[in-house]
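Data first, discussion second: the structure below is written as structure tokens.
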Number of protein chains: 2
Amino acid sequence: MATVPETKVNHGPTLAKVPIFSGLTEGELAFLLQRAIPRRYVAGEIVFGEGEPCLGMYVVESGHIRIFKSSSGGREHVLSVDGPGSSVAELPVFDGGSYPASAAAVDDATLLFVSKQDFHALCLAHPQVTLKVLRVVGARLRRLVGIIEELSFTTVRHRLASFLLRLAQKEGKRASEGIQVALPASNQELASQIGTVRELVSRNLSRLQAEGMLQLDGRHVLILDLKALEEASQASE
Amino acid sequence: MATVPETKVNHGPTLAKVPIFSGLTEGELAFLLQRAIPRRYVAGEIVFGEGEPCLGMYVVESGHIRIFKSSSGGREHVLSVDGPGSSVAELPVFDGGSYPASAAAVDDATLLFVSKQDFHALCLAHPQVTLKVLRVVGARLRRLVGIIEELSFTTVRHRLASFLLRLAQKEGKRASEGIQVALPASNQELASQIGTVRELVSRNLSRLQAEGMLQLDGRHVLILDLKALEEASQASE
DNA sequence: TTCCAGCTGTGACATCAGTCACATGCACCC
DNA sequence: GGGTGCATGTGACTGATGTCACAGCTGGAA
């Protein structure tokens with residue numbers, strides 16, 4: 001219902017900025033644009049579900065998309081959150097299988113849908129596009145391997161500390177102390193991004209605060225002692 | 001020292017059987033073969049280490065290769081074990097980064113090394129090869145997502161049961177009971193394949209036997225009650 | 001305002017995972 | 001045969017993880 005196509009907006013600039021399509025000529029972008037279907041999603045809406053046959057890939061135009069696995073018990077583990085300019089599900093398009101995980105809109109979002117057939121045709125016509133896809137996919141694979149590493153070797157405390165550090169890094173390079181970062185909308189969401197449950201997030205945040213590394217303020221965190229946080233994020237042995 | 005090139009053997013048949021190179025003409029295979037460097041490894045020898053700059057990809061000709069992550073505390077988590085005909089490290093070749101995990105020979109093994117440059121050239125000249133690489137990589141990504149799912153939602157008991165079921169599946173489709181499967185060389189190795197330590201493998205194997213699902217016999221297991229094992233492999237809720 | 005829904009913080013608790021220590025068993029080599 | 005080295009099996013224990021229950025807070029709707 002909320003996935004009504006809209007035709008009045010110009011989606012060209014979006015496509016040109018997507019890493020895997022950079023380097024295409026005007027004409028090629030136009031070709032792609034003609035076939036890309038814009039779709040709008042409201043916050044929380046499902047884009048596709050794990051196990052569904054893969055019909056095509058998506059490019060994020062605005063908003064953010066959560067890629068996640070869910071357990072039969074209702075828990076979720078977020079694999080990545082992608083913002084404007086990111087491509088989603090480039091990979092399952094190729095191996096013919098179903099989507100390996102589900103995707104949902106975090107906030108209100110607009111995506112461009114490119115069908116499997118069109119994408120294939122584009123890749124065959126432009127080998128460099130395929131190579132770029134491989135580069136993007138490489139980054140994705142690295143992230144997954146990193147998640148596995150964290151899950152099998154570290155504790156919730158470690159993962160929470162690294163998560164905060166990652167936020168701080170994005171936030172800017174103000175060398176010294178006092179970096180302010182914004183947490184995900186809820187502890188539940190944060191928990192599913194680091195592979196645990198909300199109670200442990202709450203407890204560990206409090207503990208880090210008690211240890212003087214940070215200052216909680218609702219959904220914001222002021223990082224007071226970067227060094228200590230870094231230590232806490234490293235596996236003990 | 002054990003990585004002495006050998007030139008007397010004909011490696012052509014191997015290359016032709018590798019999924020990502022299937023469909024190439026005789027001439028193209030010959031081109032590739034000329035540039036592929038055979039290398040031999042003894043059991044346990046390291047092929048490449050996590051973090052090293054990626055110089056090229058490998059094709060397994062004989063033996064088996066373990067891809068794994070290791071923690072600072074000495075624990076390891078095996079991401080995959082690849083046998084003859086598999087390609088290894090196809091992905092990091094493309095994104096310019098370092099190897100995301102380490103690789104070592106399980107048994108004595110022969111690999112064909114293809115340099116980054118040669119592989120790139122081949123992909124540019126043959127877009128279908130690139131597409132096949134993407135298919136292979138897709139499978140790899142699915143496996144990684146599966147590992148993450150198991151790690152974050154299930155217990156050691158579940159993972160051990162699924163592991164045994166996977167072995168049983170490979171072993172053959174003899175519908176009824178009494179499937180015999182071979183375990184990895186040591187419980188330590190099995191442990192690092194399902195993300196735990198050897199003691200828990202030992203205990204859980206014993207427990208599954210006590211519950212009548214299987215019969216231990218050194219490094220072999222006779223699966224007595226497939227249904228019960230399947231139940232044990234499913235997340236409880 | 002009041003009410004309600006959803007989120008947060010926390011204590012109590014059950015279970016799981018991992019470590020340490022040690023005894024046993026097995027193969028291989030001298 | 002005896003010793004050495006390596007893998008296994010087990011018990012005891014510690015700490016991490018996750019569940020349940022409940023109380024308090026907040027923001028929005030009626």
Side-chain angles (χ1 to χ4, degrees), chain A residues 43-44 70-77 106 148-163 182-211 214-221 232-233 235-237, chain B residues 43-44 70-77 106 148-163 182-211 214-221 232-233 235-237:
Chain A
S70 39
S71 82
S72 38
R75 271 179 61 190
E76 293 180 348
H77 194 130
V106 177
I148 292 175
E149 179 176 20
E150 286 196 340
L151 283 178
S152 47
F153 301 143
T154 79
T155 68
V156 169
R157 177 183 164 87
H158 292 307
R159 304 204 288 277
L160 181 57
S162 341
F163 182 85
L183 297 179
S186 72
N187 281 353
Q188 177 61 67
E189 173 61 22
L190 205 174
S192 67
Q193 291 195 23
I194 63 175
T196 183
V197 294
R198 66 165 196 86
E199 288 95 330
L200 288 193
V201 167
S202 173
R203 269 194 252 272
N204 278 282
L205 275 176
S206 304
R207 193 170 146 211
L208 291 177
Q209 182 177 41
E211 290 168 328
L214 42 85
Q215 175 76 40
L216 295 174
D217 171 26
R219 292 281 93 198
H220 289 268
V221 171
S233 78
S236 40
E237 44 170 354
Chain B
S70 38
S71 81
S72 38
R75 273 181 59 192
E76 293 181 349
H77 195 130
V106 177
I148 293 175
E149 180 176 21
E150 286 196 340
L151 283 178
S152 48
F153 300 143
T154 79
T155 67
V156 170
R157 177 183 164 87
H158 293 307
R159 303 205 288 277
L160 181 56
S162 339
F163 183 84
L183 297 179
S186 73
N187 280 353
Q188 178 60 66
E189 173 61 23
L190 205 175
S192 67
Q193 290 195 25
I194 64 175
T196 181
V197 294
R198 66 165 195 89
E199 289 95 329
L200 290 192
V201 167
S202 172
R203 269 194 252 272
N204 278 282
L205 275 176
S206 305
R207 193 170 147 209
L208 291 178
Q209 182 178 39
E211 290 169 327
L214 44 86
Q215 175 76 40
L216 295 175
D217 172 27
R219 292 281 92 199
H220 290 267
V221 171
S233 78
S236 42
E237 44 167 355

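In this text, all values refer to a predicted model and were calculated from it rather than measured experimentally.
- Atom CG in Leu160(A) sits about 14 Å away from atom P in dA16(D), given to the nearest Å.
- The two atoms that bring Leu160(A) and Val201(A) nearest to each other are CD2-O, 4.2 Å, heavy atoms only.
- Residue order along DNA chain D, read from the 5' end via each residue's closest nucleotide, puts Arg159(A) first among Arg198(A) and Arg159(A).
- Minimum heavy-atom separation, Leu208(A) to Arg157(A): CD2-NH1, 3.6 Å.
- Arg203(B) contributes a side-chain N or O that forms a donor-acceptor pair with the base of dG11(D) under 3.5 Å.
- Atom pair Leu190(B):CG and dG9(D):C1' shows a separation of 15 Å (rounding to whole Å applied).
- Contact record, Ser152(B) with Leu151(A): CB-CD1, 4.1 Å, taken as the closest heavy-atom pair.
- Taking atom CG of Asp217(A) as the reference point, atom C1' of dT8(C) lies 14 Å away to the nearest angstrom.
- Evaluation of atom-type donor-acceptor distances gives no pair under 3.5 Å for the side chain of Arg75(A) against the base of dG18(D).
- One atom, CZ of Arg207(B), and another, P of dT15(C), lie 11 Å apart when rounded to the nearest Å.
- Remark: Ser206(B) is in phosphate contact with dT10(D), judged by side-chain N or O atoms under 4.0 Å from OP1 or OP2.
- With hydrogens and angles ignored, the 3.5 Å screen pairs no side-chain donor or acceptor of His77(B) with any backbone N or O of Ile194(B).
- In the set dT8(D), dA21(C), dA21(D), dA21(D) carries the atom at the smallest distance from any side-chain atom of Glu199(A).
- For the pair Leu200(A) CG and dT8(C) C1', the computed distance is 14 Å after rounding to whole Å.
- Following rounding to the nearest Å, Gln188(A) (CD) and dG9(C) (C1') show an atom-to-atom distance of 15 Å.
- Residues Thr196(B) and Arg219(A) both approach DNA chain C. Their nearest nucleotides, taken by heavy-atom distance, put Arg219(A) toward the 5′ side.
- Protein atom CZ of Arg157(B) is 9 Å distant from nucleotide atom P of dC16(C), rounded to whole Å.
- Comparing dG18(C), dT10(D), dG9(C) by their nearest atom to the side chain of Val197(B) picks out dG18(C).
- The main-chain N or O of Pro184(B) is found under 3.5 Å from a side-chain atom of Arg219(B) such that the two form a donor-acceptor pair.
- The phosphate of dC7(C) has neither OP1 nor OP2 within less than 4.0 Å of any side-chain N or O from Asn187(A).
- The nearest whole Å value for the distance from the CG atom in Leu205(B) to the P atom in dA7(D) is 17 Å.
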